[in-house]
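In this text the structure is predicted, and so the values were computed from the model without any measurement. First the proteins, then the strands, lettered A, B, ... as listed; each starts at 1. Atoms considered below: every heavy atom in the structure, side chains included; atoms not considered: hydrogens, waters and symmetry mates.
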4 protein chains.
Amino acid sequence: MALSKLIGGRVEETQAKRERRKEARPGELLDAALDLFVEKGFAATKSEEVAARAGVSKGTLFLYFPSKEELFKAVVRENISGRFQEWNQEFERFEGSSADMVRYCMKVWWERVGMTRASGITKLIISEARNFPDIAAFYQQEVIRPGQDLLRRILQRGVDRGELHVPDIEYAAYLITASMVFLIMGKHSLGACVPTDHPLDAERYLSCHMETMLRGLCTRPEDNDKGAGRNRK
Amino acid sequence: MALSKLIGGRVEETQAKRERRKEARPGELLDAALDLFVEKGFAATKSEEVAARAGVSKGTLFLYFPSKEELFKAVVRENISGRFQEWNQEFERFEGSSADMVRYCMKVWWERVGMTRASGITKLIISEARNFPDIAAFYQQEVIRPGQDLLRRILQRGVDRGELHVPDIEYAAYLITASMVFLIMGKHSLGACVPTDHPLDAERYLSCHMETMLRGLCTRPEDNDKGAGRNRK
Amino acid sequence: MALSKLIGGRVEETQAKRERRKEARPGELLDAALDLFVEKGFAATKSEEVAARAGVSKGTLFLYFPSKEELFKAVVRENISGRFQEWNQEFERFEGSSADMVRYCMKVWWERVGMTRASGITKLIISEARNFPDIAAFYQQEVIRPGQDLLRRILQRGVDRGELHVPDIEYAAYLITASMVFLIMGKHSLGACVPTDHPLDAERYLSCHMETMLRGLCTRPEDNDKGAGRNRK
Amino acid sequence: MALSKLIGGRVEETQAKRERRKEARPGELLDAALDLFVEKGFAATKSEEVAARAGVSKGTLFLYFPSKEELFKAVVRENISGRFQEWNQEFERFEGSSADMVRYCMKVWWERVGMTRASGITKLIISEARNFPDIAAFYQQEVIRPGQDLLRRILQRGVDRGELHVPDIEYAAYLITASMVFLIMGKHSLGACVPTDHPLDAERYLSCHMETMLRGLCTRPEDNDKGAGRNRK
DNA sequence: CATGAATGAGAGTTCATTCAT
DNA sequence: AATGAATGAACTCTCATTCAT
């Protein structure tokens, strides 16, 4: 019995391991593909490189994805965070000031997305949008719009509670997005290849951006009122 | 004499025309290449497309640029604005408030770069930086650093004149850069391929960003003082 | 057991067959390339032709050789006979007369090189020397010089044994080389394309050359003594 | 009158000069082409190089020769010495010994062909024969055969006069040809690109070859009679 | 399932040839 | 006649994709 169990155990284990590996394959391939697409772009990334980085052979890649283009789509699909649902709830329950809410929002984004490998997807989409307009539209729909909506809702809450003065909520939400985009570009583009003596400190950058947005730069706001045409009225 | 003049004129004109064509070629090719590289990326752009868009045949491209890669480098070289010298002087003579100076700075950038075809170079560099690290370094050196320096000087002037309160001048300058980067990405990436019912209005965006930066969003700044760690004072 | 053996046998065979094919490829390609380079020259030979003659597709060629030029170098490397070591020994043990030794030497060369496909390499090198000077130098070093050394040693032996009278051993060795060169040119150049009613009979040619060299043409050597300048005294 | 004469003179002179240059053009082009074809081969020589070496522009080349291939044919045609007629007569009148006649023949060849640029044509033909079989046949017809005939006639005269013992006149003539071929290859191939400490001394080589041929190498011809199968009976 | 040798369409590049000037 | 800018067929080389093993 011990023997049969051992054998059985081994077989099962082996099978399980292989299953696990087998099931892990697509994920490993997607990770490798994400990294390489972000680094070199879609066209400049060779299928074989992706396979090699995932530790499999060229042929195996095409076992899981029918073409390089489908691999690209899967990479995007895999990395769009469908987490907005969850976040929305998180923020609906938020009790602090709106300023803290904005700060918290960025902190969460940074920790769960910006800092992680997944942030590369944004650079990838931006770089490849015009070669894959349907993917771009999909990303717009699934990631950008929900994110933008969340930010708008946060700002609206601030206005509703009388904590914030936001003349143009829609575009103000873009400011926060711009922050994220800039950080991502720093991380995955120039920052990743130009050795600087002053690498961008993400948290310092975010803090600076948030605090400036929240408080403004002018010492005496009234100095600012004569601003040219396109002032907020 | 009239005759000889006429003949002379024709010859000159002829020569001039040919010369003009020959001299125009590289520029036309660079323009075509910029557009296509921005749109599709370096690797996904075919040499023949570039030639076709410039109205010449494949072979002609290689008469002017020894390789696709050299064409790329030439595109970047051609489009780095060495305008900072001139801008610096412009801003040294500026007499208005620092807030207006910031506004004016963005306006100038938008009109002379952001709005023009040349803005694409930024998207191009960001997309290709890691494939052409030396080009990226060159761009960093020749465009990013001088731009950043100019912005820092403007902010410093505001601080010196007591008009601005900027705890972290270096990173505050990045905020302005982020604005530009975001606009460019909007223009050349998603914005260029995803048909939206609300296309990004650049001037509205810039205005919103500038005014928010300058004035802040909080209604009562003191509400803001309990903000997390890296607050000013 | 029979079964497992059969399976084992099959697997081995399969593997072996694939291995054999893979290992055979470079050789087949080199053979095809040699023939074509000899026939048409390096520049006029298309990669695809080489591949086709080796029975594979264009792409396969570049799986084994990184470029057409590397293929050329490999062809030369593959076809330089490092046989001089072995030949030297063979001739050290030779016991007959020096005249027979010369005859034997040519016979051996003809049978092992001149008659074979490898002889083409000489025509190839001669045709391409000035386009590939380093290859030419390599050939000079590895083939010409050792061959020349061997011939000189044979003649020296004849002089030492009192069988031959050779006033200028170095240049006399060239006479034998000239014989080989002429034959090769006949075989791979004019002779291969001009249909003659009298094709060159290699053995008759070699025999004629050797015997004439050994015996001379003059009926009464003394008639010859008034010959111009550089006569043997 | 002096003036008009001067002017006239100038005009005529100018015209004449231009005419002369114009008429010289094809020749200059042929010379340039010969050099380059010999050096690099037909396929590896660019038309533009030929034009440049002749001091004209690419277009001009095609004004005189309708295609690169026609240029090649013209080069060959231009450089086949139709001098055999003249040589034949020269040798018919020759009065010395046959040995001297052979020596004289080689000397003349060396001075009028071997030493000159025209010798390259032989290397060219040998290299390209199989790409241009009709040219090769033409060369065979016009150069090789007459040369061979001349040599045969010289040897025959020696036999007729009892001065030479030539069992195989046809093939013996090849020996002399081999000499020329070897020298030309030395000059235009390896010798032209491999720097040697012992460059081939053409006259020493010719002398060695001729004297050896005439006199033989064996000290006692009778030692030679037991030679292997392929002896002359 | 996994492999990697083989494929061949397609991209970059060259260069003989043309033709407006 | 002479030029040299322009052309595009043809060549070298790449790489996504296939398929026998």
Q: Could you tell me whether B/Glu49 and B/Lys40 have a side-chain N and a carboxylate O separated by less than 4.0 Å?
A: yes
Heavy-atom check, side chain of [X] versus side chain of [Y], under 4.5 Å:
| X | Y | result |
| --- | --- | --- |
| B/Phe62 | B/Ser47 | yes |
| B/Leu30 | B/Leu34 | no |
| C/Ile126 | D/Ile126 | no |
| B/Asp134 | B/Lys73 | yes |

Q: Assess whether atom CD of D/Glu70 is packed by more than 12 heavy atoms of other residues, nucleotides or ligands within 6.0 Å.
A: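 Yes.
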Q | Within residues 31-48 of chain A, residues whose heavy atoms come under 4.0 Å of DNA chain F | A | A/Thr45, A/Lys46, A/Ser47
Q: For DNA chain F, find the residues of residues 54-66 of chain B with a heavy-atom distance under 4.0 Å and give them by number; none if there aren't any.
A: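 The answer is B/Val56, B/Ser57, B/Lys58, B/Gly59, B/Thr60, B/Leu63, B/Tyr64.
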Q.
Among residues at least two apart in sequence or on other chains, which ones pass side chain to side chain contact (heavy atoms under 4.5 Å, CB included) with C/Ala51?
A. C/Val56, C/Leu61
Q) Using atom C1' of each nucleotide, how far apart are E/dC1 and F/dT21 to the nearest Å? A)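 Between the two C1' atoms, the distance is 13 Å.
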Q) How would DNA chain F look in dot-bracket form, 5' to 3', counting Watson-Crick and G-U wobble pairs with both distances under 3.5 Å and writing | for bases paired to another strand? A) .||||||||||||||||||||
Looking only at non-hydrogen atoms, find the nearest pair between [X] and [Y] and report the distance.
| X | Y | value |
| --- | --- | --- |
| B/Arg130 | A/His188 | CD-O, 3.0 Å |
| C/Arg53 | C/Asp35 | NH1-CB, 3.4 Å |
| B/Tyr64 | B/Pro26 | CD2-CG, 3.7 Å |
| B/Ala129 | A/Cys193 | O-SG, 3.6 Å |

Q) With sequence neighbours left out, what residues match D/Phe132 under ring pair (Phe, Tyr, Trp, His ring centres under 6.0 Å)? A)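 Once residues adjacent in sequence are excluded, the partners of D/Phe132 under the ring pair (Phe, Tyr, Trp, His ring centres under 6.0 Å) criterion are D/Phe42, D/Phe72.
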Q: Using heavy atoms and a sub-4.0 Å distance, could you list which residues of residues 70-78 of chain C are near DNA chain E? By number, please.
A: none
Q. What integer distance in Å separates D/Lys68:NZ from E/dT17:C1'?
A.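 D/Lys68 atom NZ is separated from E/dT17 atom C1' by 12 Å.
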Q. Nearest 0.5 Å, what's the CD-CD1 distance between A/Glu78 and A/Ile121?
A. 9.5 Å
